[in-house]
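Working notes, beginning with the structure itself.
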Number of protein chains: 2
Amino acid sequence: MKTGQLKGNLDLVLLAVLSGGPLHGYAVIAGLRDRSEGAFDLPEGTVYPALHKLERDGLVRSSWDDSGGRRRRTYEITPRGERALACQREQWLTFVHGVNSVLAAVTP
Amino acid sequence: MKTGQLKGNLDLVLLAVLSGGPLHGYAVIAGLRDRSEGAFDLPEGTVYPALHKLERDGLVRSSWDDSGGRRRRTYEITPRGERALACQREQWLTFVHGVNSVLAAVTP
DNA sequence: CTTCATACCTAGGCAGTCTAGGTATCAGCT
DNA sequence: AGCTGATACCTAGACTGCCTAGGTATGAAG
């Protein structure tokens, strides 16, 4: 890295985006770009495998929608995913606090 | 991760600790543990190679101190390191802002 | 004189992300 | 009708950053 843009917080932001309601994969990427004000523009090769892993872990579930010719896979956060999100959010806040504490002594 | 505790911000926190004044390697680890309020307790196998890389990149310089029988290597941040610190600090703040924006919509 | 803390080091492994390639549909342009 | 770009999905393998696990050696404390 630059451990990639997300530095180990990919699951957190994906779950956060999905907590706003079900989205298909491509829309997750767009949603993340919008909600981060352009800061996070992730390649598909990052997001799709991550979503698959979240599904394997039971944090999201997906369903295929083939109506309209173009196939889409819609992802939805599970109750387990909601709990994981809350937990990872706490860890994120702790982490930020830790780094900021270290940075606090740096000449402002 | 948990790609380790530092999620790609190891250089940043090391430079931050060293910006407070020269320290030898082991003291860097202790300083980081203290200043992060215990949040970051890094193994030596993480810190030493990272310090070596920072030196290769010219962001810190080191000097050996063999007085007293026990050899110590003291690290000091360079002007280039100070600039890198300022830059990485900005990037850190941007990153935090990005994640927080994404998290903002999550049920508080 | 053994044990623990200090103090340094490296090789190799593991995990998370990205690169680079692939398929297919649909809208707009010429 | 054919081309181009956006949409929409996918995977294998590379890259990179941190950690594990091992090593050496000194000094202080019991």
Side-chain angles (χ1 to χ4, degrees), chain A residues 1-15 22-34 36 39-57 59-60 62-75 88 91-92 95 98-99, chain B residues 1-15 22-34 36 39-57 59-60 62-75 88 91-92 95 98-99:
Chain A
M1 326 187 177
K2 292 316 175 82
T3 278
Q5 321 177 52
L6 273 120
K7 304 173 190 259
N9 298 285
L10 179 55
D11 290 359
L12 171 64
V13 294
L14 291 181
L15 290 172
L23 292 172
H24 61 273
Y26 211 78
V28 168
I29 296 174
L32 192 51
R33 191 170 44 234
D34 294 348
S36 71
F40 304 135
D41 192 4
L42 302 182
E44 302 165 32
T46 294
V47 173
Y48 289 122
L51 288 171
H52 299 167
K53 185 180 177 299
L54 288 175
E55 182 161 34
R56 273 201 308 281
D57 294 346
L59 306 185
V60 306
S62 74
S63 54
W64 283 98
D65 173 18
D66 287 59
S67 70
R70 179 183 275 158
R71 65 188 194 136
R72 285 174 164 188
R73 189 167 174 179
T74 298
Y75 291 91
Q88 289 185 25
Q91 288 171 10
W92 159 255
F95 172 64
V99 175
Chain B
M1 324 191 177
K2 298 316 187 75
T3 275
Q5 323 176 48
L6 275 122
K7 302 171 190 267
N9 297 285
L10 178 55
D11 289 359
L12 171 63
V13 294
L14 291 181
L15 290 172
L23 292 172
H24 61 274
Y26 211 78
V28 168
I29 295 174
L32 193 51
R33 191 171 44 235
D34 294 348
S36 70
F40 305 135
D41 191 5
L42 303 181
E44 302 164 32
T46 294
V47 173
Y48 289 123
L51 288 172
H52 299 166
K53 184 179 177 300
L54 288 175
E55 182 161 33
R56 274 201 308 281
D57 294 345
L59 306 185
V60 305
S62 73
S63 55
W64 284 98
D65 173 17
D66 287 58
S67 70
R70 179 182 276 158
R71 63 187 196 138
R72 286 174 163 188
R73 190 167 175 179
T74 298
Y75 291 91
Q88 289 185 25
Q91 288 171 10
W92 159 255
F95 173 64
V99 175

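The basis for the numbers below is simple: all heavy atoms, side chains too, and nothing from hydrogens, waters or symmetry mates. Here is the naming used below: chain letters follow the sequence lines, and residue numbers restart at 1 for every chain.
Residue B:Arg73 places at least one side-chain N or O closer than 4.0 Å to OP1 or OP2 of C:dC9. Listed pair A:His24 / D:dT7 fails the phosphate criterion, with no side-chain N or O lying under 4.0 Å from OP1 or OP2. Note on B:Tyr48: every side-chain N or O is 4.0 Å or more away from OP1 and OP2 of C:dC9.
Taking atom NZ of A:Lys7 as the reference point, atom C1' of D:dT16 lies 13 Å away to the nearest angstrom. To the nearest angstrom, P of D:dT26 lies 12 Å from CG of B:Asp66. Atom P of nucleotide C:dA15 and atom CG of B:Leu6 are separated by 18 Å, given to the nearest angstrom. Note: CZ (B:Phe40) to C1' (D:dC18) measures 14 Å, nearest angstrom. Between A:Asp41 atom CG and C:dT17 atom C1' the separation is 15 Å, expressed in whole Å. Rounded to whole Å, the distance from CG on B:Leu42 to P on D:dC18 is 9 Å. Atom OH in B:Tyr26 sits roughly 17 Å away from atom P in D:dT26 (whole-Å rounding). Rounded to whole angstrom, the span from the CZ atom of A:Arg56 across to the P atom of C:dA15 amounts to 13 Å.
For the pair B:Asp34 (side chain) and B:Gly31 (backbone), a donor-acceptor distance under 3.5 Å is absent. With A:Gln5 contributing its side chain and A:Asp41 its backbone, the two residues share a donor-acceptor pair below 3.5 Å. A donor-acceptor pair is defined here as one N or O able to donate and one able to accept, closer than 3.5 Å; no such pair exists between the side chain of B:Asp57 and the backbone of B:Leu54.
Here C:dT17 is the nucleotide among C:dT17, C:dC8, D:dC10 with the atom lying nearest to any side-chain atom of A:Leu10. Checked against D:dC19, C:dC8, D:dC9, the side chain of A:Trp64 finds its nearest nucleotide in D:dC9. If you check C:dC18, C:dC8, D:dT26 against the side chain of B:Arg70, the one that comes closest is D:dT26.
Contacts of B:Asn9 with the nucleic acid, taken as non-hydrogen atoms under 4.0 Å apart, involve only primed sugar atoms and P, OP1 or OP2.
When each of B:Val13, B:Asn9, B:Asp11 is checked for a side chain to side chain contact (heavy atoms under 4.5 Å, CB included) with B:Gln88, only B:Asp11 meets the rule.
Rounded to the nearest 0.5 Å, atoms NE2 (B:His24) and CZ (B:Arg70) are 8.5 Å apart.
The 5' end of DNA chain C is approached more closely, in terms of each residue's nearest nucleotide, by B:Tyr75 than by the other of A:Gly45 and B:Tyr75.
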